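Here's the structure, in C-alpha cells; my notes come after.
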2 protein chains.
Amino acid sequence: MATTPTSPDPSPDPDALAPAFSPLYQQIKGLILRSLQAGEWKPGDMIPSEFELAARFRVSQGTVRKAIDELATDNLLVRRQGKGTFVATHAEQHIQFRFLRLLPDQGTLDDQGPAERRIIDCRRLRAPAEVARPLGLRSGDAVLQVRRVLAFGGTPAILEEIWLPGGPFKGLTLDTLASDTGPMYALFESRFGVRMVRAAEKIKAVAADADAAQRLSVPEGHPLLSVERLSYTYNDTPMELRRGLYRTDARHYRNELS
Amino acid sequence: MATTPTSPDPSPDPDALAPAFSPLYQQIKGLILRSLQAGEWKPGDMIPSEFELAARFRVSQGTVRKAIDELATDNLLVRRQGKGTFVATHAEQHIQFRFLRLLPDQGTLDDQGPAERRIIDCRRLRAPAEVARPLGLRSGDAVLQVRRVLAFGGTPAILEEIWLPGGPFKGLTLDTLASDTGPMYALFESRFGVRMVRAAEKIKAVAADADAAQRLSVPEGHPLLSVERLSYTYNDTPMELRRGLYRTDARHYRNELS
DNA sequence: CAGTGGTCTAGACCACGAG
DNA sequence: TCGTGGTCTAGACCACTGG
C-alpha cells in the first residue's frame, strides 16, 4: 500500500480482462466503504480523524482526505469542521426530505408542518415477478408490502405502495411503523441496519383508478404523477421498491438539472 | 493574492455586512468564471494549463487545480487527461441529452435514433406576466416564443413551448431553427453566445387539452407530464423558460436521487 | 519525445468547536 | 487550549495524448 499508487493489489482472477488499476485514494475509499458496510461505524457516529485513518492505512493524510471528500459528496459521510467526520444518517431534520421532491406550488418552505401519515396495511406476501426482479429476488420470495397515505394540512397528497425484501426486514410490522414518528428511512437504519444511499425514479403521468381516486379524494381519471422508486444500500444492492401516486394540483415535483 | 489565503482582496464596499472571506481557490474559481463569461475562452476551447493559470494568478498549481475541480463537477469545464481542460459545450454527442430525461420504457439506450423535430411556429411577442417574472423581465418586454413537437420513431412524444428573452436572442427566426440540426442549446452557444449551465424543473401530471391532444395524437384528457423548465446561464441569470408536455405511455422521466 | 492532467506526499498554517 | 477539518504550497512521479 505504501509502494506505487497503482499497485493492482494482489488479487485473484489473473486472467481477467479488467485493468483493475486504481489510485490509492480509491482503494482507501473502498476500505472505508467496507467499514461502513460492516457496521464498524454506525449512522451518526464520528469516524476516526484523517490522521488516524492515514496511520491505519499507511498513507498520507491528503490521500485519506481525497477518499473522504468523495464519500462526502456521495452523501455517505458528513464533514463538520472543528468536530469531525460523521456517518450520514436519515435521522436529521435538514435531510428529512432528501428523497421526497414534492413541494407546494405556493408558500415559502415546506414549513406547512410535517406530513401526516396513515398506514393502510402491512402484509407479508410472496413477491410477484415485477416486484422480485428489480429487488434482485426470485418470484415467490417473501416480501413485505406496506401501503400508506401521506397528507399535508389534511389534504391527501401521496398514495404509496412500498415493497421490502423479507430477509433484511424480518420483524417489521404495522405496529412498528405506526408507533414510529420520524423518517421511515431513519427507522430502517436504527432497527434493521439498512441505510438507503441512493435511488432511481421513473416518473409517468397516469389516470387515477377507482381506488387511488377514493384514497386521494380526486375524481376517477384525475391525472396523477406515478413515481416508481428503487432505493439502494451500500453495494448498489436494491433494498426497496416504492410506487407512489402524487397529487399535483397544488404541488409539484422539483428537479434540478446540471 | 500571494499573502494569507483569506485576504478579502482589497475591494470597495468597506461598510458592507458581508464577511466576504473566501478561500483562495474560490477566488480563483471566480476569476476563471469571469473569463468564461467574458468569452475569453469559448465553448469547446482549451483553457490554459494549470501551471499557466497558476502563474497568471500567482498561486500554486494545486490551488488552481482545486478551482478547476469544482468547475468541472459543475459541468462548466471538462478535463481530458493528456490533452487539457476544455470549456464544456452542448455540442457533444454524449452530452446531447443532459437536459432531456425522457427515456423509453423498454429498449437499451436511446439508440432509437435522434428525435425528429417539427417546429410549429416562432413568434416575437410581448411577454405575459407569468413568462416575464421567471425570466427576470418586465411584462410586455420583447420575447420570442417557439413551439415545436419532438417525435421518436414517428410517434410524437413532446410538445414544447419555449420562451426566450428578445435581447440576447435578437435575430433568431424560424429559418434559423429549422435549418439547424443538432441540439438547440448548441445553437444558442454558437449563434448567440448563450451557454445554458443549469436548470430547474417543476413537474406535474395534467390532462391533455384539445390542442395538445391533437398534436400528440392522444385522446383529450389523456394524462401528460407537464415539465416547466427554467434554464440559467453563467451568473444564475435565467435565459429560457420552457413548458413541455410529455407523453409517458411508452416512455418515462428518469431521475437519480442521492 | 514533450506537454497535459492525475496522484501522492509532507509540512505549514488557519478556522472552528468544545472544554 | 487542544483537536478537528480546511487551505495552501512545493515538489516528485505516473499516465495519457499527440507529434
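Lettering of chains follows the sequences in order, A, B, ..., and the numbering in each one begins at 1. Every value quoted in this text rests on a predicted model; they were computed, and no experiment measured them.
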List the residues meeting side chain to side chain contact (heavy atoms under 4.5 Å, CB included) with A/Tyr234, not counting sequence neighbours, and say none if there are none. A/Leu33, A/Leu36, A/Gln37, A/Leu76, A/Val87, A/Arg195, A/Val197
For B/Lys29, check side chain to side chain contact (heavy atoms under 4.5 Å, CB included) against everything at least two apart and list the hits. B/Gln26, B/Ala67, B/Glu70, B/Leu71, B/Asp74
Evaluate side chain to side chain contact (heavy atoms under 4.5 Å, CB included) for A/Leu100 paired with A/Ile158, printing each intermediate quantity in order. CA-CA 11 Å; A/Leu100 180 55; A/Ile158 300 179; 3.8 Å; yes
Should B/Arg117 and B/Thr181 be marked as a side chain to side chain contact (heavy atoms under 4.5 Å, CB included) after you check the CA-CA gap, both sets of side-chain angles, and the distance that decides it? CA-CA 9 Å; B/Arg117 298 173 289 184; B/Thr181 140; 4.2 Å; yes
Take atom CD of B/Glu50 and atom C1' of C/dT7, then tell me their distance rounded to the nearest Å. 12 Å
Results of salt bridge (Lys or Arg N to Asp or Glu O under 4.0 Å) for A/Arg229 - residues two or more places apart only: A/Glu201
Tell me every residue that passes salt bridge (Lys or Arg N to Asp or Glu O under 4.0 Å) with B/Asp45, counting only those two or more places apart in sequence or in another chain. none
Could you write out each protein N or O paired with an N or O of nucleotides 1-3 of chain D at a distance under 3.5 Å?
residue : atom : partner : partner atom : Å
D/dG3   : N2   : A/Gly82 : O            : 2.9

Specify the separation, in whole Å, of atom NZ of B/Lys29 and atom C1' of D/dT7. 15 Å
When rounded to whole Å, the CZ to P distance for the pair B/Arg58 and D/dT9 reads 12 Å
For B/Phe86 and D/dC16, give me the distance from atom CZ to atom C1', rounded to whole Å. 13 Å
Residues in side chain to side chain donor-acceptor pair (under 3.5 Å) contact with A/Asp105, at least two apart in sequence or another chain: A/His252, B/Lys204
Measure from CZ on A/Phe51 to P on D/dG5 and round the result to the nearest Å. 9 Å
Pairing residues for B/Phe188 by the ring-ring contact (aromatic ring centres under 6.0 Å, His included) criterion, not counting sequence neighbours: B/Phe169, B/Tyr185
Scan A/Tyr25 against the nucleic acid and name what it touches under 4.0 Å (heavy atoms): base, sugar-phosphate only, or nothing. sugar-phosphate
Can you tell me the distance, in whole Å, between the CG atom of A/Leu24 and the P atom of D/dA15? 12 Å
What are the residues of residues 60-73 of chain A, sorted by number, that bring a heavy atom to within less than 4.0 Å of DNA chain C? A/Ser60, A/Thr63, A/Lys66
Expressed as a whole number of angstroms, how long is the span from A/Glu52:CD to D/dT4:P? 6 Å
For B/Ser258, which residues count as a side chain to side chain donor-acceptor pair (under 3.5 Å) partner, sequence neighbours excluded? none
Whole angstrom value for the distance that separates C1' of C/dT4 from CD1 of B/Ile47: 12 Å
Nearest to the A/Arg79 side chain among D/dG5, C/dT4, D/dT7, which nucleotide is it? D/dG5
